[in-house]
Each structure stands twice: as C-alpha cells, then as structure tokens.
Amino acid sequence: MMSAALLTGTPLTGRVAVVSGASSGMGAVTAERLAELGATVVVLARRKERLDSLVKNIEAAGGTALALAVDVTDRAAVQTAADQVAERFGKADLVFNNAGVQLISGIEELKVDDWQRQIDLNITGLMNVIAAFLPHLTESAAQGKAADLINTSSIAATRILAKFSIYSGTKAYISHLTRLLRVELGPKMVRVATIEPGMVDTELPDHVTDPDASRLMADLIHDIDVLQSADIAETVAFMAAVPRHVNLTEITILPTAQAI
C-alpha cells in the first residue's frame, strides 16, 4: 500500500494544534502527523495512559506534544484544558474536533442509554470543545494567523442506513452545524470545515454490538481496501496547510471501492 504522506517539510511550524479523541485511531495518527509537519500538538481524551504513550512517540520523533486527560462531555474540564493550552503554548489555532462514539441499534430496541451516550459525546462534547477553543481561534485569526476548526462527521450524515438513526442524526448535526458556523466565522478568517469519512479501519466499529451493523462493517473491511487513519491524518494536515484564504469546507473521504 502506498504511503498516505504527501506533504513534505514542516508547513505547520508555529501552529498550536488541539486534537480531541486522540487516544486511538484517526485522532492519534493525526496528532502524530501534525507534529511531524511542525505543529505543537495537545492531545485530549479520557485514556491518559494512551495519551502519554502518544506523546512519548511524538517527542521521540522530534516533535512537541502535551497530553491532557479530559472527558469532553465535561464542559468545565474542557475549559480548564483550553486555559492550560494558552498558558503553556499560547492560543490554539488548529482544532481537530474528533471525539465520538458509534453505537448502532434498531430504534424499537429503545436503547436509550446508547442514544444518550452518542448525543452527549458526539454533540455536547463537540460543542464543549468549540466553546472552549473558539476564542483561541478568533484571536489567532485577528492576529493574521491561519485558524482552523475541523469537525469529524461521517458519511452516515447523509447515507440512509437502517439502525444507524441516532448515530447518523448526531453526524448530520455536525455537518450542518459546520455549514452554519462558516457564515459567522468565515468573515473573521476562521476556517471551518468538516470531514465525512467512509469506512476507516479503526477501533470505532468495535463498539458496535448490533449483529447486522457489525457484519456490514466486517464485510467492508474484508472485501475492500478501506481507509486507514493515516489517510484521514494527511487530509486534515492538507486542509490546515493550504493558504489562509483557502477553506476546504466539506470533504467526503471514501474508500474507492465503497459503494454504500
């Protein structure tokens, strides 16, 4: 398989990047890639031991990183993290708002706890990160720097799949929210974007207990050359590396062979 790395040099030197959902998968690999390209990276997630390991890897490769164990559903904790970032490195100018969970079930199963968990993390957690770091982004933009808010959505935001209703609903919220935020923040030179990946080989499907959904995902991974976290990482890095006046606003990333 060809390497996903296309960018060269250190085009993100001087940037302060915050990555939520950074303990595994797309978040962890994106954090490593942003650091490799010159950014100072702050990684947020609940699993501190994984974050510490990630920071060690980044530092061993010559990068600069800080781990902050944070549950993004805790608004006060996210705000404290934002204050720590500002004190340590200055204001963040790149936020990859990536924390999320996927729990699939038929609506008539009434798995209301799963519904609530997805709403709490995928929507409320996303909003808490925006609330805490948006002042960083607007101040960075006002100083003439590039400023990026990149939210992780999914192709589930637009695909109609049985049993995906709550998860898809949370992702549709993210995609449309991003379009609306651009109306307010674009004129302030804050770039707002969403990525909508298809099937990525991460641990996210491991949380899926519904047999139909599990089979759908397992078959995709088995049958086609699905996306890797590095593919997402390179896309996020490219979105942040383009000139300040260019906003790649909504990028759908699919495995070439994925038809659903």
Between the side chains of S175 and T178, is a donor N or O closer than 3.5 angstrom to an acceptor N or O? no
Residue list, salt bridge (charged side-chain N to carboxylate O under 4.0 Å, His left out) with D71, at least two apart or on another chain: none
Pairs where residues 158-169 contributes a residue and the test salt bridge (Lys or Arg N to Asp or Glu O under 4.0 Å) is met, not counting sequence neighbours: K163-D210, K163-D212
Can you list the residues that meet the side-chain contact (heavy atoms from CB on, under 4.5 Å) rule with A45, with sequence neighbours excluded? S23, L51
Under 3.5 Å donor-acceptor, E234 side chain and D231 backbone: no
For the side chain of N122 and the backbone of V101, is there at least one donor-acceptor N/O pair under 3.5 Å apart? yes
Passes side chain to side chain contact (heavy atoms under 4.5 Å, CB included), L227 versus M199? Steps please. CA-CA 6 Å; L227 299 171; M199 191 66 210; over 6 Å; no
Can you list, by chain and residue number, the hydrophobic cluster partners of V183 when the side-chain cut-off is 4.5 Å? none
Could you list all the salt bridge (Lys or Arg N to Asp or Glu O under 4.0 Å) pairs where at least one residue sits in residues 82-95, not counting sequence neighbours? R15-D93, K91-E139
Taking every heavy atom of P135 against every heavy atom of A132, the minimum-distance pair comes out as CD-O, 3.8 Å
With rounding to the nearest 0.5 angstrom, report the CD1 to OG1 distance, I155 to T158. 7.0 Å
Minimum side-chain heavy-atom gap V19-V42 below 4.5 Å: no
Indicate the atoms forming the closest heavy-atom contact of R47 with S24, along with that distance. NH2-OG, 3.4 Å
Atom of V55, atom of L66 and distance for their closest heavy-atom approach: CG2-C, 3.9 Å
Connected-component partners of I160 among ILVMFWY, side-chain separation under 4.5 Å: none
Which residue pairs pass the side chain to side chain donor-acceptor pair (under 3.5 Å) test with at least one member in residues 248-260, sequence neighbours excluded? R179-E250, E196-T252
Salt-bridged, R33 to E36, with N to O below 4.0 Å? yes
Over 12 non-hydrogen atoms of neighbours within 6.0 angstrom of CZ in F89: yes
If you look at every heavy atom in V190 and A141, which pair is closest and at what distance? CG2-CB, 3.8 Å
Donor-acceptor contact present, side-chain D114 to main-chain K111, <3.5 Å: no
Taking NZ, NE, NH1 and NH2 as the nitrogens, is one of them in R117 or D113 under 4.0 Å from a carboxylate oxygen of the other? no
Sequence-distant partners of P243, side-chain contact (heavy atoms from CB on, under 4.5 Å), two or more places apart: H245, V246
Can you confirm whether more than 12 heavy atoms, excluding those of E184, are under 6.0 Å from its CD atom? no
Okay, side chain of S168, backbone of S165: is any donor-acceptor separation there less than 3.5 Å? no
Partners meeting side-chain contact (heavy atoms from CB on, under 4.5 Å) with T235 (sequence neighbours left out): M239, I251, I253
Quick one: does T30's side chain have a donor or acceptor within less than 3.5 Å of a partner on G27's backbone? no
After noting the C-alpha distance and the side-chain angles of Y167 and S154, does the key distance pass the side chain to side chain contact (heavy atoms under 4.5 Å, CB included) rule? CA-CA 9 Å; Y167 176 73; S154 166; 3.7 Å; yes
Taking side chain as C-beta onward, heavy atoms only, is I130 less than 4.5 Å from L177? yes
Starting at CZ of R182, measure out to OG1 of T194 and round the result to the nearest 0.5 Å. 12.5 Å
Partners of K188 by salt bridge (charged side-chain N to carboxylate O under 4.0 Å, His left out), sequence neighbours excluded? none
Keeping Q118 on the side-chain end and L103 on the backbone end, is there a donor-acceptor pair under 3.5 Å? yes
Return the CG to CG distance between L12 and L7, rounded to the nearest 0.5 Å. 7.5 Å
Can you tell me how far CE of M127 sits from CD1 of I174, rounded to the nearest 0.5 angstrom? 10.0 Å
Which value, rounded to the nearest 0.5 Å, describes the distance between L54 atom CG and E49 atom CD? 12.0 Å
Taken in chain and number order and not counting sequence neighbours, the residues that satisfy side-chain contact (heavy atoms from CB on, under 4.5 Å) with A77 are V70, D74
Mind running side chain to side chain contact (heavy atoms under 4.5 Å, CB included) on T64 and I58 for me, showing each step along the way? CA-CA 7 Å; T64 302; I58 289 172; over 6 Å; no
Count I, L, V, M, F, W, Y as connected when their side-chain heavy atoms are under 4.5 Å apart, and connections chain through other members. Are V95 and L134 then in the same cluster? yes
Side chain to side chain contact (heavy atoms under 4.5 Å, CB included) assessment of V18 paired with L94: CA-CA 6 Å; V18 173; L94 169 53; over 6 Å; no
Over all atoms of both residues, closest heavy-atom pair of N98 and G21: ND2-O, 3.3 Å
Check for me, please, whether V29 and I232 land in the same ILVMFWY cluster - side-chain distances under 4.5 Å, paths through other members count. no
Side chain of T73, backbone of G125: donor and acceptor closer than 3.5 Å? no
Quick check: closest heavy atoms across P197 and M26, and the distance to 0.1 Å? CG-SD, 4.3 Å
Strictly distance-based, threshold 3.5 Å: is any side-chain N or O of N97 a donor or acceptor partner for the main-chain N or O of I150? no
Under the 3.5 angstrom rule, does the side chain of S20 hit a backbone N or O of A99 as a donor-acceptor pair? yes
V192 and L126: same hydrophobic cluster, using ILVMFWY side-chain contacts below 4.5 Å? yes
When rounded to the nearest 0.5 angstrom, what is the spacing between CZ in F96 and CG in L44? 12.5 Å
T10 backbone acceptor or donor facing T13 side chain under 3.5 Å: yes
Partner set under side-chain hydrogen bond (donor to acceptor under 3.5 Å, both in side chains) for R191, not counting sequence neighbours: D148
